[in-house]
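Step one of this worksheet: look at the structure below.
Values below: every heavy atom of this structure, side chains too, minus hydrogens, waters and symmetry copies.
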Amino acid sequence: MIRAYAYFSKKHPLVHKFNILFVFSIFILCTYQLLENSKITYSLGYVLIIFSIFIFAKASTYKSKYLSDR
């Protein structure tokens, strides 16, 4: 899955940037809702964020090691 996303982000950089903005907007929305409403159920969005950041980081490492233009 990480390798596939690394290839995907290399072929479609605009969609990759949209994915990063989407994850960031979920982070902002969950943080706002958690602070405003003080309900722990809004913290479930952080699970998606942590998973996405893990995929982005591993795909970036893979891309820099194996897909560079050297």
> Looking at Tyr7, Phe8, Phe56, which hits ring-ring contact (aromatic ring centres under 6.0 Å, His included) with His16?
Replying inline: Phe56
>> Between Tyr42 and Thr31, is there a side-chain donor-acceptor contact under 3.5 Å, judged purely by atom types and distance?
In response: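 Checked: Thr31/Tyr42 side chains show no N/O donor-acceptor pair below 3.5 Å.
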Answer yes or no: are there more than 12 heavy-atom neighbours, outside [X] itself, under 6.0 Å from its atom [atom1]?
X     : atom1 : value
Phe22 : CZ    : no
Tyr46 : OH    : yes
Lys58 : NZ    : no

Say you draw a straight line from [atom1] of [X] to [atom2] of [Y]; how long is it, rounded to the nearest 0.5 Å?
X     : Y     : atom1 : atom2 : answer
Gln33 : Lys39 : CD    : NZ    : 9.5 Å
Thr41 : Leu34 : OG1   : CG    : 8.5 Å
Tyr32 : Phe27 : OH    : CZ    : 15.5 Å

Same apolar cluster: [X] and [Y], side chain cutoff 4.5 Å:
X     : Y     : value
Leu67 : Val15 : no
Ile53 : Ile28 : yes
Ile20 : Ile2  : yes

> How are the rings of Tyr62 and Tyr66 set relative to one another: parallel (under 30°), tilted (30 to 60°) or perpendicular (over 60°)?
Replying inline: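 Answer is tilted, since the angle falls between 30° and 60°.
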>> Exactly one of Leu48, Ile49, Ile55, Ile50 should register a side-chain contact (heavy atoms from CB on, under 4.5 Å) with Ser52. Which one does?
In response: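 Among Leu48, Ile49, Ile55, Ile50, the one meeting side-chain contact (heavy atoms from CB on, under 4.5 Å) with Ser52 is Leu48.
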>> Using every non-hydrogen atom in the two residues, find where Ala59 and Ala6 come nearest and quote the distance to one decimal.
In response: O-CB, 3.6 Å
>> I'd like to know if the side chain of Ser9 and the backbone of Tyr5 have a donor-acceptor N/O pair within less than 3.5 Å.
In response: yes
> Would Val23 and Asn19 count as a side chain to side chain contact (heavy atoms under 4.5 Å, CB included) if you check the C-alpha gap in whole Å, the side-chain angles of each, and the deciding distance to 0.1 Å?
Replying inline: CA-CA 6 Å; Val23 169; Asn19 285 341; 5.6 Å; no
